[in-house]
Amino acid sequence: MKTIYGMVESGNCYKPRLLMAKLGQPFRHVAVSSRDGSTRTADYLAKNPNGMVPLLELEDGRLLAESNAILLYLAEGSRLLPQDPYDRGLAYQWLFFEQYSHEPYIAVRKALITFPERARDATPERLALTLERGNRALGVMEKHLAENSFFAGDAMSVADIALYAYTHEAGKGGFDLSAYPSVGAWLDRVRADPGHVTIDWLP
Ligand SMILES: N[C@@H](CCC(=O)N[C@@H](CS)C(=O)NCC(=O)O)C(=O)O
């Protein structure tokens with residue numbers, strides 16, 4: 001059976017759990033966290049020298065890090081990875097967008113505000129920058145979703161899973177999602193897609 005190492009409250013770790021739930025695939029979840037030091041042990045660093053979660057361990061012991069790489073690997077051959085080359089290119093486009101233009105602001109702002117150990121990093125400048133850049137990312141999503149139901153082609157894909165993970169909790173980072181009605185309608189569509197589970201779900 002596959003194993004996912006992760007933190008329950010992390011959106012990056014929610015992505016592969018949500019995908020596995022949708023695929024109906026069993027897996028083992030091992031809770032590790034930077035907050036209790038368990039991602040800095042020698043055993044964990046031997047598995048992922050970058051010390052981050054999520055981390056996927058295959059049945060034969062091979063390992064795969066980076067949430068969006070894990071999504072692409074696990075979704076192979078399923079309805080959640082577009083077969084059409086252009087639609088697949090769009091999925092890649094939005095996965096890279098999520099990691100470079102969305103997660104560093106929307107996820108980080110939530111962490112700065114809600115994790116006590118991050119409070120000292122929550123300077124006014126950092127909060128202003130993450131607010132501005134996060135709203136810019138939400139604006140890009142709003143523009144796309146005003147004309148499209150999903151991010152890569154006409155159907156739900158890994159791109160929607162990746163962007164859902166932190167967008168649905170953007171309010172906790174101080175973002176006003178009511179300013180983005182098409183994003184709100186898309187969040188409802190993602191929740192309505194078969195096999196949906198919430199961020200606190202574990203196998
Ligand atoms: N690009 C990575 C980012 C992963 C990431 O930031 N993980 C955080 C939890 S959300 C983490 O492991 N933090 C622990 C640390 O930085 O020590 C991915 O998408 O998997």
Side-chain angles (χ1 to χ4, degrees), residues 9-23 54 66-76 78-114 126-201:
E9 68 271 31
S10 149
N12 283 320
C13 299
Y14 175 38
K15 296 173 192 175
R17 291 201 307 274
L18 176 54
L19 176 61
M20 290 295 264
K22 285 183 172 298
L23 297 175
E66 293 295 328
S67 59
N68 290 352
I70 296 171
L71 287 182
L72 289 168
Y73 172 77
L74 292 173
E76 191 65 53
S78 80
R79 72 177 173 93
L80 292 156
L81 189 62
Q83 292 307 303
D84 175 79
Y86 179 69
D87 288 348
R88 190 176 284 221
L90 284 175
Y92 296 151
Q93 172 191 306
W94 288 108
L95 291 172
F96 287 113
F97 166 85
E98 190 269 343
Q99 285 284 286
Y100 193 77
S101 300
H102 181 285
E103 192 259 16
Y105 308 111
I106 293 179
V108 167
R109 198 165 201 279
K110 187 196 87 172
L112 291 172
I113 289 175
T114 62
R126 190 112 190 254
L127 289 174
L129 179 76
T130 50
L131 187 65
E132 191 261 314
R133 297 282 168 84
N135 273 310
R136 191 189 295 177
L138 290 168
V140 171
M141 293 171 68
E142 178 70 17
K143 192 167 185 326
H144 177 83
L145 292 168
E147 292 171 6
N148 301 276
S149 296
F150 295 101
F151 280 98
D154 297 332
M156 172 92 183
S157 77
V158 288
D160 300 280
I161 291 177
L163 282 163
Y164 180 83
Y166 285 108
T167 305
H168 86 290
E169 289 202 321
K172 291 184 182 174
F175 295 95
D176 177 13
L177 284 180
S178 70
Y180 303 99
S182 302
V183 171
W186 164 78
L187 289 173
D188 289 340
R189 279 195 292 282
V190 172
R191 278 189 278 267
D193 188 75
H196 185 79
V197 291
T198 54
I199 192 167
D200 53 359
W201 177 83

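Quick note: numbers below take in every heavy atom, side chains included, and nothing from hydrogens, waters or symmetry partners. Along the sequence shown, residues are numbered consecutively beginning with 1.
- Closest of all the heavy-atom pairs between Pro16 and Cys13 is CD-O, 3.2 Å.
- From Glu66, atom CD reaches atom CG of Leu71 across 11.0 Å, with rounding to the nearest 0.5 Å.
- Checked by atom type and distance alone, the side chain of Arg189 never pairs as donor or acceptor with a backbone atom of Phe150 at under 3.5 Å.
- To the nearest 0.5 Å, atom CG of residue Asp87 and atom CD of residue Gln93 are 11.5 Å apart.
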| task | Could you walk me through whether Arg79 and Asp193 pass salt bridge (Lys or Arg N to Asp or Glu O under 4.0 Å), step by step? | result | CA-CA 12 Å; Arg79 72 177 173 93; Asp193 188 75; 2.7 Å; yes
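- Using cut-offs of 30° and 60° for the angle between ring planes, the Tyr14 and His196 rings count as perpendicular.
- A distance of 13.5 Å separates CZ in Arg126 from CG in Leu131, rounded to the nearest 0.5 Å.
- In Asp154, the CG atom is not crowded: 12 or fewer heavy atoms of neighbouring residues, nucleotides or ligands sit closer than 6.0 Å.
- Taking 4.5 Å as the limit, every side-chain heavy atom of Phe96 sits out of range of all side-chain heavy atoms of Asn68.
- Of the N and O atoms on the side chains of Asn135 and Tyr180, at least one donor lies less than 3.5 Å from an acceptor on the other residue.
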| said: Run Ile199 and Glu9 through side-chain contact (heavy atoms from CB on, under 4.5 Å) and show every step you take. | reply: CA-CA 7 Å; Ile199 192 167; Glu9 68 271 31; 6.0 Å; no
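- Side-chain atoms of Gln99 and Ser67, non-hydrogen and from C-beta on, do get closer than 4.5 Å to each other.
- Taking OG from Ser78 and CG from Leu19, the interatomic distance works out to 6.5 Å, rounded to the nearest 0.5 Å.
- Between the side chain of Arg109 and the main chain of Thr130, no donor-acceptor pair closer than 3.5 Å is present.
- Side chains of Ile113 and Lys172 form no contact here, defined as non-hydrogen atoms less than 4.5 Å apart.
- With 3.5 Å as the limit, one finds no donor-acceptor pair spanning the side chains of His144 and Ser182.
- Side-chain contact between Lys110 and Phe175: absent, with no pair of heavy atoms (C-beta onward) separated by less than 4.5 Å.
- Side chain of Arg17 to backbone of Trp201: a donor-acceptor contact under 3.5 angstrom is found.
- Considering only heavy atoms from C-beta on, Pro54 comes within 4.5 Å of Ile70 through its side chain.
- No side-chain donor-acceptor contact under 3.5 Å links Tyr166 to the backbone of Ala107.
- For the pair Glu98 and Lys15, the salt-bridge criterion is met [side-chain N within less than 4.0 Å of a carboxylate O].
- Side-chain atoms of Trp94 and Asp160 include no donor-acceptor pair closer than 3.5 Å.
- Annotation: side chain of Leu23 is in contact with side chain of Leu80 (closest heavy-atom distance under 4.5 Å).
- Side-chain contact check for Val108 versus Leu112: some heavy-atom pair is nearer than 4.5 Å.
- Using a 4.5 Å cut-off on side-chain heavy atoms (C-beta onward), Trp186 and Phe151 make contact.
- What you find for Tyr105 and Gly134 is that their closest heavy atoms are CB-N, 3.6 Å.
- In summary, the side chains of Tyr164 and Arg191 do present a donor paired with an acceptor at a separation below 3.5 Å, with no hydrogens or angles considered.
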| task | Show your working on side-chain contact (heavy atoms from CB on, under 4.5 Å) between Met141 and Leu138 and close with a plain yes or no. | result | CA-CA 5 Å; Met141 293 171 68; Leu138 290 168; 4.3 Å; yes
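- Side chain of Arg88 to main chain of Pro82: a donor-acceptor pair is present (N/O by atom type, distance under 3.5 Å, no hydrogens or angles).
- Between Ala75 and Val158, the closest heavy-atom pair is CB-CG1, 3.5 Å.
- Side chains of Asp200 and Thr198: a donor-acceptor N/O pair is present below 3.5 angstrom, by distance only.
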| task | Walk me through it: do Ile161 and Val190 pass the test side-chain contact (heavy atoms from CB on, under 4.5 Å)? | result | CA-CA 8 Å; Ile161 291 177; Val190 172; 5.9 Å; no
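- Residues Gly153 and Leu90 come closest through the heavy atom pair N-CD1, 4.2 Å.
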